[in-house]
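First up is the structure itself, then whatever we jot down about it.
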Amino acid sequence: MAEKVATLHLPGQEPIELPIMSGTAGNDVIDVRQLGSKGYFTFDPGFLATAACESQITFIDGEKGILLHRGYPIEQLADNSEYLEVCYLLLFGQRPTEKQYEQFKETVTRHTMVHEQLIHFFQGFRRDSHPMAIMVAVVGALSAFYHDSLDVTNERHREIAAYRLLSKMPTLAAMSYKYSMGQPFVYPRNDLSYAGNFLNMMFSVPTEEYIVNPIVEKAMDRIFMLHADHEQNASTSTVRLAGSSASNPFACIAAGIACLWGPAHGGANEACLAMLEQIGSVERIPEFIERAKDKDDPFRLMGFGHRVYKSYDPRAKVMQQTCHDVLEDLKIDDRLLDIAMELEHIALTDDYFIEKKLYPNVDFYSGIVMRAIGIPTSMFTVIFALARTVGWIAHWIEMLQTPGQRIGRPRQLYTGEAMRDFPTTSRQKE
Ligand code: CMC
C-alpha cells in the first residue's frame, strides 16, 4: 500500500483507496488507473490536471518561473553552456565529459548531410509553400530513406535515429528557406558550430563569402537552447502518443512538427511579430490592450500567457537580454522592439493581465531577435521545431524505455446519440 492515499467515495460502492505518488519536485499525483475497472473514467479535456507520464527530463515550476533540464536551471545553462551540450544532457541525463562531448559533436557533425534524392521532395512544393508544410513532409519522408534505423525496439537504432534527426534538422530547415527564396541549397560545413553551420546554410550564396557574426551565432545558439525542451507540452505529448504505437521516429517527429505549427504553440512567435506589425506604433497599444481584454473579441496578445507559467517565463528573461545584445551589435533601431517594450510595460501593470497572471513568454522576444538576424517570419516556427527536436527525441526514447509502456489511448465522455435503428425506408425528402 502506498504511503499516502486519497479515498474516493463513489455512489453505491465501497470507498476506493487511490495511491498518491510523489516525484522529486512538483505536484503529487493521484494514481487513478484502477478506476476503469470500477466503471468510471476521469474527465480532464486539455489535460489541465492530468499527468500523462512519469519523466526525468525537464521540470517546470510555473508559479515560481523555474525551468530545469535534468535539474539544471535554464538561466545557468544559458550562461555557461551551449545548445549541443544541453542536447547531450537531455538525451543522456548527465553533463558530458570533455571526451564524450567531443565525440558527440563529431557524430552530430558527421550526419548533417541529407540524401541527395530528398532534393526532389522539395521540388514538388510550390515556391510559396509555408516552410512548416515542407518540414512536416520532408521530416516524415526521412523514414523512407533510413530503413536501417527504424526498429524502435532496438536501442542502437533509436540512438542512430536520434543523431540523424538532430544533425539533419538544420540542413532541412535551411533547405526549406532556400527553396522559398529560389536560391541554391547550401551544403553543411563541418568546420562550423551547430548554430554557425545553420546560419551559413541559411544566408550564404555561391557568389560571395558569408562570414558568421559571433554575436549572431551566440544568439542563434541561445534561441536553440531556450526552445530545446519544455516537458509535456502539446507537441511533445503528440510525439509520445504517436510513438506509443511503435511508429517510426521520423514519423513521430513529423507529428510533433504538425502540432507545433499552431499559433497557440510554436506558431506564436510568428503571430507575435505579425501582431506587433499590426499595432504599428506605440500610440496604438492601448487600443489593442482593450481588444485583448474584450471577451467578445478573439484578439489575444500573442507572446503573452502560458498554460504552466503563472509568473515570468524564465526563458523570456534570457531572451530579452539576447535581444538587446543583438540589436546593439547589429546597430538596429527596431520600432517593433519599442512597441514590444511598451506593450510589456503596459501589460505587466494592467489589472487584467496581473489578475490572470499573463506574462511575456519566450516567443515575445525570440521573434524580434530572429527578425534582427534576418530570418523571415515564416521561418520562426521552423527554427522552434529544429530546436525542439532534441526534446521530442529525448521524450520519445524515455517513453520507449519505460517498462510496461503501452499504447496511449484516452477515453471519452460520450454525449452523442444513444443506440438507435437505421431506418430501412428511403431518405426523407427536404
Ligand atoms: N491575451 C489576452 N488574454 C489572454 C491571453 C492573451 N495572450 N492568454 C490567456 N488569456 C486569458 C483568456 O482569455 C482566459 O480568460 P478567462 O479566464 O476570462 O476566460 C484566461 O486568460 C486563461 O486563458 P486560457 O486560454 O484558458 O489559458 P490556456 O492555458 O488554455 O492557454 C495559451 C495558454 C498560451 C494558449 C494562451 O495564453 C494564449 O493563447 N497565448 C497567446 C499565444 C502564445 O503566446 N502562445 C505561446 C505559448 S509559449 C510557447 C510554447 O510553449 O508553445
Side-chain angles (χ1 to χ4, degrees), residues 46 48 60 62-67 74 130 132 223 226-227 230 233-235 259-324 326-327 332 334-372 375-385 387-388:
L48 293 163
I60 303 173
E63 292 297 330
K64 296 193 183 127
I66 291 173
L67 167 62
I74 190 68
H130 195 288
M132 280 298 272
I223 290 175
L226 295 179
H227 289 88
H230 218 217
N233 55 86
S235 56
C259 177
L260 186 78
W261 195 354
H265 193 4
N269 48 18
E270 186 176 340
C272 177
L273 217 74
M275 175 194 76
L276 294 175
E277 290 279 14
Q278 192 192 358
I279 295 175
S281 70
V282 170
E283 292 71 42
R284 292 190 66 205
I285 293 176
E287 176 194 326
F288 284 86
I289 294 269
E290 285 317 305
R291 284 189 59 193
K293 294 197 284 192
D294 182 354
K295 282 235 159 296
D296 299 324
D297 190 328
F299 176 80
R300 281 188 169 200
L301 280 192
M302 287 291 139
F304 274 79
H306 198 275
R307 168 62 61 81
V308 182
Y309 291 120
K310 299 303 167 200
S311 144
Y312 218 103
D313 178 343
R315 303 169 302 168
K317 277 193 194 147
V318 178
M319 209 64 248
Q320 186 189 37
Q321 184 54 48
T322 303
C323 185
H324 289 294
V326 169
L327 295 187
I332 292 177
D334 191 341
R335 104 196 124 82
L336 291 196
L337 182 68
D338 296 339
I339 299 172
M341 299 302 282
E342 186 58 17
L343 190 64
E344 180 193 18
H345 173 71
I346 295 178
L348 289 177
T349 49
D350 187 291
D351 282 349
Y352 174 92
F353 292 88
I354 294 170
E355 210 174 280
K356 295 193 186 302
K357 299 184 175 172
L358 298 170
Y359 293 86
N361 57 50
V362 66
D363 292 324
F364 190 65
Y365 291 105
S366 64
I368 300 168
V369 177
M370 288 196 273
R371 175 182 151 102
I375 295 168
T377 21
S378 61
M379 281 297 290
F380 289 3
T381 318
V382 172
I383 287 171
F384 192 159
R388 182 56 58 86

| task | With sequence neighbours excluded, tell me which residues meet ring pair (Phe, Tyr, Trp, His ring centres under 6.0 Å) with His130. | result | Trp261
| query | Rounded to the nearest 0.5 Å, how far does OH of Tyr352 lie from CD of Glu290? | reply | 11.0 Å
| If we only count heavy atoms from C-beta on, is the Arg315 to Tyr365 side-chain gap below 4.5 Å? | no
| message | Within this structure, what is the OH-CG distance for the pair Tyr359 and Leu348, rounded to the nearest 0.5 Å? | response | 7.5 Å
| message | So if I apply the side-chain contact (heavy atoms from CB on, under 4.5 Å) rule between Ile74 and each of Ile66, Leu226, Asp313, Ile60, which one comes out positive? | response | Leu226
| said: Using a 3.5 Å distance criterion without hydrogens, assess whether the side chain of Asn361 forms a donor-acceptor pair with backbone atoms of Gly305. | reply: yes
| Do His227 and Val362 touch side chain to side chain, with heavy atoms closer than 4.5 Å? | yes
| query | What's the verdict on side-chain contact (heavy atoms from CB on, under 4.5 Å) for Glu277 and Thr377, showing C-alpha distance, side-chain angles and the deciding distance? | reply | CA-CA 11 Å; Glu277 290 279 14; Thr377 21; over 6 Å; no
| remark: Minimal heavy-atom distance between Ile223 and Ser366, with the atoms involved, is CD1-O, 4.5 Å
| remark: To the nearest 0.5 Å, atom CG of Leu343 lies from atom CD1 of Ile279 at 5.0 Å
| said: Please give me the minimum heavy-atom distance between Ala347 and Leu301, naming the atom from each residue. | reply: CB-CD1, 4.3 Å
| Looking only at heavy atoms, which two atoms of Pro314 and Gly65 are closest? And how far apart? | CG-O, 3.3 Å
| task | Take Leu337 and Ile332 through the test side-chain contact (heavy atoms from CB on, under 4.5 Å) and record every step on the way to the result. | result | CA-CA 10 Å; Leu337 182 68; Ile332 292 177; over 6 Å; no
| Polar side-chain atom of Arg335 near backbone of Val282 as donor-acceptor pair, under 3.5 Å | no
| note | dist Asp294:CG -> Ile289:CD1 (nearest 0.5 Å) comes out at 13.0 Å
| Contact check, side chains of Ile383 and Asn269, non-hydrogen atoms, under 4.5 Å | no
| task | Would you name the heavy atoms of Met302 and Met275 that are closest together and state the gap between them? | result | N-SD, 3.2 Å
| Residues two or more places apart in sequence or in another chain: which of them pass salt bridge (charged side-chain N to carboxylate O under 4.0 Å, His left out) with Glu355? | none
| remark: Nearest heavy-atom contact between Cys323 and Val369 is CA-CG2, 3.4 Å
| Quick one: ring pair (Phe, Tyr, Trp, His ring centres under 6.0 Å) partners of Phe299, sequence neighbours excluded? | Phe288
| field | ring pair (Phe, Tyr, Trp, His ring centres under 6.0 Å) partners for Phe380, two or more places apart | value | none
| Spacing of CE belonging to Met379 relative to CE belonging to Met132, to within rounding of 0.5 Å | 10.0 Å
| note | Sorted by chain and number, sequence neighbours left out, side-chain contact (heavy atoms from CB on, under 4.5 Å) with Arg307 holds for Leu48
| task | Could you pull out the closest heavy-atom pair between Ala316 and Pro360, with the gap in Å? | result | CB-O, 3.7 Å
| task | Rounded to the nearest 0.5 Å, what's the gap from CE on Met341 to CD on Glu344? Could you check? | result | 5.5 Å
| request: Only counting residues at least two apart or in another chain, list the ones meeting ring pair (Phe, Tyr, Trp, His ring centres under 6.0 Å) with His230. | output: His306, Tyr309
